[in-house]
Amino acid sequence: MNVLEQTEETLKQEIKAAVLGAKLATEEELPAVALDKPKDKSHGDFASNIAMQLARIAKKAPRQIADDIVANLDQSKASIEKVEIAGPGFINFFMKNDFLGEIIPTILEAKEEYGKTDAGKGKSVQVEFVSVNPTGDLHLGHARGAAFGDVLCNVLDAAGYKVEREYYINDAGNQIGNLGLSVEARYLQALGQDVEMPEDGYHGQAIIDIANALVTEYGDEWAEKDKEERIEFFKEYGLKASLANIEKDLEEFGVHFDNWFSERSLYHDDKITDALETLKKGNHIYEQDGATWFKTTDLGDDKDRVLIKKDGSYTYFTPDIAYHKDKLDRGFDKIINVWGADHHGYIPRMRAAIQALGYPAEKMEVKIIQMVNLFEGGEKVRMSKRTGKAVSLRDLMEEVGVDATRYTFITRSNDSQLDFDMDLAKSQTNENPVYYVQYAHARICTMLEQAKNKGFDIEGAYDVSRLTAEKEVDLLKKLGEFPKMIAEAAEMETPHKVTQYVYNLATLLHSFYNAEKVLDQDNQEQTSARIALMKAVRITIENALQLIGVSAPEKM
RNA sequence: GUCCCAGUAGCUCAGCAGGAUAGAGCAACAGCCUUCUAAGCUGUGGGUCGCAGGUUCGAAUCCUGCCUGGGACGCCA
């Protein structure tokens, strides 16, 4: 627990004691004491709405209750400077700023560990994300999902959860057959033959590249062979090549998976028959029209779903149930699926499956990533699956860069659609928030460099009580919030809070920088205190950027 | 027709585990570089929080209905 949280906790205890002391409510009646940070500084450091909440219980006017509470408050214990009652009955607490003095030593001590907490209490969470079919490149939408999933994992990890990142490889369905046919067509085209792409073929550049690689490696050897044998070979070759591409792109994007789970393994390990058996035992299965059905309507879905088609093959759903059973059987406290918006309709049936498998529905959580609209030159770019014309993750990394791409994706809530403006993301101007934050970091680095050159002792003793200027106090308070912000982002699964936080911190830094001079030969004490502050800000910015997966440059 | 997401400043979006005068960036306007990086700072203007009800001491936030935009509703994956 850091200083700020400790202060808050003590204050809560004192308020509770005061309420009980004033006999406004019994222990059982007392609602949880909540403190929030007022937006307006004139409302103090913390505000409590407890008086309003007690109005009904105590049968008194909120302001009267607030008076009673304040009268019973032992102000010495919680390092309170001043208490005010305001508005309809808010109690505003102004804290003695001495508690802020702890923040800098805490940060300088913790370094890259600053921000981490045990808020998650070691609970295990598995996050499955990206999981793109291995049939081509990752496009814009996948990139958003990748960034979101990865940063969510970073945040969960920092907040004390045990996190596992997993990619589910759909290497067993029809799409792999189509992949084989697509590679074949491209291969024969590369050899100059006039063949058409299959109906549900994959038109992306990635397949053309794979076909070209085949030509380079085998020449026209495969054109001569038996068609069936050829397609079988191309299937496996295409699968391997696609996966390698995907993994390479993701690694370059800074996304690393702990586990790549193959759908095929579910067949080999009899996991699918096991899962079906479990459903059958629970009486969730029936036969109709020559197919096997899962009665998901019993569990909140709006229609029943086929598991085994008339032709005897499984639907996509069936191995996916087995996959989820496998995940749950592995004993995670929670599994999170990050899905594209086009899959949201799939949630009720999966939730039904979770329950039919004997798990509580809440074990699985689905985060839906809304669509990304691409803008270039002020125009919305139309993507076409058929022609394969789409902006890929690779394009983004090459044209925009990893930092700006990741940052941009994490600025918005996952359930808002996102306009991705290529020109803006590429621009190295003040319109682009990622540079604004990185600039703050680089600025501090330059200052510290200068301090060294000018002979200041940047490792020496400092007296934090010298930091009393308004902008210094603002910075200190913001720095103190960092661990709590991470814990909140983890609990609410809202990684975009991190970009918001670090942007605000950068704003305070820039503002401070313009108002105050750090290095002052005539004021050594103030200088050492400010150097320590700058170091703490730098560490916090770097840690925040680290969570987002964005670099913290020392020079720009 | 059913379901999901969104609707907040001119634009893009935060805020939505109910709280005080609704925020940020961009755009607009006016200032700040002989001084640690001007990719920066300071200030001004800008709002029926889609609409209508309801719950509440209190609603952008919760509930219901409607409107608009996007998406999903396969024995495809």
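None of these values were measured; they are calculated from a predicted model.
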Chemist: Could you tell me the separation between the NZ atom of A:K497 and the P atom of B:rG15, rounded to a whole number of Å?
Modeler: 5 Å
Chemist: Pick base, sugar-phosphate or nothing for A:A515, based on heavy-atom distances below 4.0 Å to the nucleic acid.
Modeler: nothing
Chemist: Report yes if the distance between the aromatic ring centroids of A:F148 and A:F129 is under 6.0 Å, otherwise no.
Modeler: no
Chemist: Taking for each residue the nucleotide of RNA chain B bearing the nearest heavy atom, is the 5' side occupied by A:N514 or by A:P62?
Modeler: A:N514
Chemist: What is the distance, rounded to the nearest whole Å, between atom OH of A:Y435 and atom P of B:rA38?
Modeler: 19 Å
Chemist: Once each nucleotide of nucleotides 70-77 of chain B is scored for protein heavy atoms under 4.0 Å, what B/S/- sequence comes out, 5' to 3'?
Modeler: SBSSSBSB
Chemist: Does a side-chain N-to-carboxylate-O contact under 4.0 Å join A:E493 and A:K367?
Modeler: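 A salt bridge links A:E493 with A:K367.
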Chemist: Over 60° means perpendicular and under 30° means parallel, so tell me whether A:Y436 and A:Y503 are parallel, tilted or perpendicular.
Modeler: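 Correct class here is parallel.
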Chemist: Do A:R530 and A:D520 pass the salt bridge (Lys or Arg N to Asp or Glu O under 4.0 Å) test, and can you show the C-alpha distance, the side-chain angles, and the key distance before you say yes or no?
Modeler: CA-CA 10 Å; A:R530 286 186 172 169; A:D520 183 354; over 6 Å; no
Chemist: Among the nucleotides B:rA17, B:rA6, B:rG19, which one has an atom lying closest to any side-chain atom of A:N49?
Modeler: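 It is B:rG19.
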Chemist: Would you tabulate the nitrogen or oxygen pairs shorter than 3.5 Å linking the protein to nucleotides 27-31 of chain B?
Modeler:
none

Chemist: Which residues, if any, of residues 85-95 of chain A bring a heavy atom under 4.0 Å of RNA chain B?
Modeler: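 Only A:A86, A:F90, A:N92 qualify.
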Chemist: For B:rA14, does either OP1 or OP2 sit under 4.0 Å from a side-chain N or O belonging to A:T411?
Modeler: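 So the side-chain polar atoms of A:T411 never come under 4.0 Å of the phosphate oxygens OP1 or OP2 of B:rA14.
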Chemist: Could you tell me whether A:K484 and A:E481 have a side-chain N and a carboxylate O separated by less than 4.0 Å?
Modeler: no
Chemist: Hey, are A:K334 and A:E362 close enough for a salt bridge, meaning a charged N less than 4.0 Å from a carboxylate O?
Modeler: no
Chemist: Output the rounded distance in Å from NZ (A:K517) to P (B:rC41).
Modeler: 18 Å
Chemist: Nearest whole Å is fine: how far is B:rG40 P from A:I541 CD1?
Modeler: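 Answer to the nearest Å: 14 Å.
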Chemist: Heavy atoms from C-beta onward define the side chain here; which of B:rC36, B:rC41, B:rA20 lies closest to that of A:L519?
Modeler: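 Taking heavy atoms from C-beta onward, the closest nucleotide is B:rC36.
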Chemist: Write down the atom of A:Q175, the atom of A:N170, and the distance for their closest heavy-atom approach.
Modeler: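 Minimum heavy-atom separation between A:Q175 and A:N170: NE2-O, 2.8 Å.
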Chemist: So what's B:rA14 paired with, Watson-Crick or G-U wobble, going by both distances under 3.5 Å?
Modeler: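 B:rA14 is paired with nothing.
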Chemist: Quick one: A:Y513 OH to B:rC32 P, roughly how many Å, whole number?
Modeler: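 The distance from OH of A:Y513 to P of B:rC32 comes to 19 Å, rounded to the nearest Å.
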Chemist: With heavy atoms under 4.0 Å as the rule, sort A:E84 into base, sugar-phosphate or nothing.
Modeler: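 Here A:E84 touches no strand at all.
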Chemist: Could you tell me the Watson-Crick or G-U partner of B:rU34, where both distances fall under 3.5 Å? Say none if there is no partner.
Modeler: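 Checking every strand shown, B:rU34 finds no partner, since no pair has both distances under 3.5 Å.
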Chemist: Would you measure the distance from the P atom in B:rA20 across to the matching atom in B:rG15 and give it in whole Å?
Modeler: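 Approximately 16 Å lies between the P atom of B:rA20 and that of B:rG15.
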Chemist: Considering every strand shown, what is the Watson-Crick or G-U wobble mate of B:rA6 when both distances are under 3.5 Å?
Modeler: B:rU68
Chemist: I'd like to know if A:R538 and A:E542 make a salt bridge, using a cut-off of under 4.0 Å between side-chain N and carboxylate O.
Modeler: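 So A:R538 pairs with A:E542 through a salt bridge.
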Chemist: By the 4.0 Å heavy-atom rule, please label A:E554 as base, sugar-phosphate, or nothing.
Modeler: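 Base, at least one base heavy atom under 4.0 Å.
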Chemist: From C-beta outward on A:H510, which listed nucleotide comes closest to its side chain: B:rU42, B:rG40, B:rA39?
Modeler: B:rG40
Chemist: Using the P atom as the point on both nucleotides, what is the distance between B:rC29 and B:rU34, in whole Å?
Modeler: 24 Å
Chemist: When the distance from OH of A:Y503 to C1' of B:rG40 is rounded to whole Å, what number comes out?
Modeler: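 It works out to 11 Å between those atoms.
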Chemist: Assess the side chains of A:H324 and A:N337: does a donor N or O sit below 3.5 Å from an acceptor N or O?
Modeler: yes
Chemist: Checking one value: the base orientation of B:rC26, syn if chi is within 90 degrees of 0, otherwise anti.
Modeler: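 Anti, since the glycosidic angle lies more than 90° from 0.
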Chemist: A:D419 has a side chain; which of B:rC36, B:rG19, B:rC13 sits nearest to it?
Modeler: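 The nucleotide sitting nearest to the side chain is B:rC13.
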Chemist: For A:F512 and A:F46, find the nucleotide of RNA chain B closest to each by heavy atoms; which residue's nucleotide sits nearer the 5' end?
Modeler: A:F46
Chemist: Please classify the nucleic acid contact of A:E491 as base, sugar-phosphate, or nothing, using heavy-atom distances under 4.0 Å.
Modeler: base
Chemist: Whether the A:Q500 and A:N504 side chains hold a donor-acceptor pair (N or O, under 3.5 Å, no angle test) is what I'd like checked.
Modeler: no
Chemist: For B:rC41 and A:Y436 - does any side-chain N or O of the residue sit under 4.0 Å from the phosphate oxygens OP1/OP2?
Modeler: yes
Chemist: Among side-chain atoms of A:Y286 and A:D304, is any donor-acceptor pair under 3.5 angstrom?
Modeler: yes
Chemist: Let me know the distance between CG of A:N414 and C1' of B:rC13, rounded to the nearest Å.
Modeler: 14 Å
Chemist: According to the interplanar angle, ranging from 0 to 90°, do the rings of A:Y323 and A:Y168 count as parallel (below 30°), tilted (30 to 60°) or perpendicular (above 60°)?
Modeler: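 A:Y323 vs A:Y168 ring planes: parallel.
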Chemist: Please classify the nucleic acid contact of A:A440 as base, sugar-phosphate, or nothing, using heavy-atom distances under 4.0 Å.
Modeler: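 Since no nucleic acid heavy atom lies under 4.0 Å of A:A440, the category is nothing.
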Chemist: Measure the acute angle between the ring planes of A:Y346 and A:H343, then classify it against the limits of 30° and 60° as parallel, tilted or perpendicular.
Modeler: perpendicular
Chemist: Does B:rA20 have OP1 or OP2 sitting under 4.0 Å from an N or O in the side chain of A:K39?
Modeler: yes
Chemist: When you measure from the centre of the six-membered ring of A:F94, is the NZ or CZ of A:K82 under 6.0 Å away and within 45° of the axis?
Modeler: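 Yes - A:K82 lies over the ring of A:F94, closer than 6.0 Å to its centre and within 45° of its axis.
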Chemist: Specify the separation, in whole Å, of atom CZ of A:F420 and atom C1' of B:rC26.
Modeler: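 Checked: the CZ to C1' distance equals 16 Å.
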Chemist: Using the P atom on both, measure B:rG69 against B:rA24 and round to a whole Å.
Modeler: 31 Å
Chemist: Considering every strand shown, what is the Watson-Crick or G-U wobble mate of B:rA28 when both distances are under 3.5 Å?
Modeler: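 B:rU44 - that is the nucleotide pairing with B:rA28, both distances being under 3.5 Å.
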Chemist: What integer number of Å spans the P atoms of B:rC26 and B:rU42?
Modeler: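 The answer is 11 Å between these two P atoms.
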Chemist: Would you please confirm or rule out a distance under 4.0 Å between OP1 or OP2 of B:rA38 and any side-chain N or O of A:R443?
Modeler: yes
Chemist: Quick check for you: among B:rG19, B:rA20, B:rA6, whose closest atom lies nearest to any side-chain atom of A:M52?
Modeler: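 Given the options B:rG19, B:rA20, B:rA6, the side chain of A:M52 is closest to B:rG19.
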Chemist: Between the side chains of A:K555 and A:E449, is the shortest nitrogen-to-carboxylate-oxygen separation below 4.0 Å, so that they form an ion pair?
Modeler: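 A salt bridge is absent here (no side-chain N lies under 4.0 Å from a carboxylate O).
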Chemist: Check the phosphate of B:rA14 against A:S416, side-chain N and O only, distance under 4.0 Å to OP1 or OP2. Yes or no?
Modeler: yes
